[in-house]
Amino acid sequence: MIFDTPYEYCLSDCDGTIVDNGFYPSEATKKSIRKYQKVSGYRFGLITGRLAMANLKLVDDLNVQLPIVACNGAVVMDLKLQKVLFAQTIPNDLVFQIFDDCLAIGVEIMLYSPTQMLAKIGAMRIEY
């Protein structure tokens with residue numbers, strides 16, 4: 001059984017893994033993760049493509065104590081302290097060129113920094 005011998009660390013993606021059609025996991029998933037947190041000494045964490053700050057409620061609901069790996073690995077952030085521990089960025093001129101090129105061909109794009117998102121007005125995640 002998973003709770004008999006806790007893993008050294010258990011890290012999970014969010015969307016399509018612990019979260020299905022919304023932005024938050026089901027009550028059953030939250031209950032299981034909270035139970036694992038207690039048994040493992042709070043060794044469950046998140047690795048996600050999401051913006052780090054977009055996970056504040058999720059981190060609180062799951063009682064995540066570990067830093068979060070966000071923006072597909074480009075940011076490691078301690079959400080409890082709201083402190084960026086690591087960030088790998090792309091030069092601004094390249095970011096805006098990619099954004100403009102995607103808009104020109106009709107690709108929906110969002111750009112992330114450790115604490116901000118840039119997207120076309122009306123993007124579902126921005127509106128949420």
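Residue numbers start at 1 and run along the sequence shown.
When side chains are defined from C-beta on, Met53 counts as touching Met77, because their heavy atoms get closer than 4.5 Å. In this structure the side chain of Leu46 never reaches within 4.5 angstrom of the side chain of Leu11, judged on heavy atoms. At least one side-chain heavy atom of Gln65 sits under 4.5 Å from a side-chain heavy atom of Asn63. Side-chain contact between Asp101 and Ile105: absent, with no pair of heavy atoms (C-beta onward) separated by less than 4.5 Å. Residues Tyr42 and Leu66 have side chains not in contact (no heavy-atom distance under 4.5 Å, counting atoms from C-beta outward). For the pair Gln37/Val64, a side-chain contact is recorded, criterion being any heavy-atom separation below 4.5 Å from C-beta on.
Leu81 and Val84 fall into different hydrophobic clusters, where Ile, Leu, Val, Met, Phe, Trp and Tyr are joined by side-chain heavy atoms under 4.5 Å apart, directly or via other members. Under the 4.5 Å side-chain heavy-atom criterion for Ile, Leu, Val, Met, Phe, Trp and Tyr, Phe96 and Leu103 are members of the same hydrophobic cluster.
The salt bridge (Lys or Arg N to Asp or Glu O under 4.0 Å) search around Asp60 returns none, not counting sequence neighbours. For Lys30, the salt bridge (Lys or Arg N to Asp or Glu O under 4.0 Å) partners are Glu27, Asp61, not counting sequence neighbours.
Between the side chain of Arg34 and the main chain of Leu62, no donor-acceptor pair closer than 3.5 Å is present.
Nearest heavy-atom pair across Tyr36 and Cys10 is CE2-CB, 3.8 Å. Shortest non-hydrogen contact noted between Leu58 and Cys14 is CD2-SG, 3.6 Å. Closest non-hydrogen pair, Phe86 versus Gly73, comes out as CE2-O, 4.0 Å.
Pairs passing the side chain to side chain donor-acceptor pair (under 3.5 Å) check and including a residue from residues 67-87, sequence neighbours excluded, do not occur.
Distance check: Glu108 CD to Cys102 SG gives 10.0 Å after rounding to the nearest 0.5 Å. Within the model, atoms CD1 of Ile68 and CD1 of Ile47 stand 9.5 Å from one another, a figure rounded to the nearest 0.5 Å.
Checked by atom type, the side-chain pair Thr29/Ser32 shows no donor-acceptor distance below 3.5 Å. When only modelled atom types and interatomic distance are considered, Asn55 and Arg50 share a side-chain donor-acceptor pair under 3.5 Å.
Each of Asp15, Val19, Asp13 was checked for a side chain to side chain contact (heavy atoms under 4.5 Å, CB included) with Thr17, and the lone residue meeting it is Asp13.
Counting non-hydrogen atoms of other residues, nucleotides and ligands closer than 6.0 Å to CD1 of Ile90 gives a total of 12 or fewer.
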Criterion side-chain contact (heavy atoms from CB on, under 4.5 Å) on Ile109 and Phe99, from CA distance to verdict: CA-CA 7 Å; Ile109 186 170; Phe99 196 80; 3.5 Å; yes

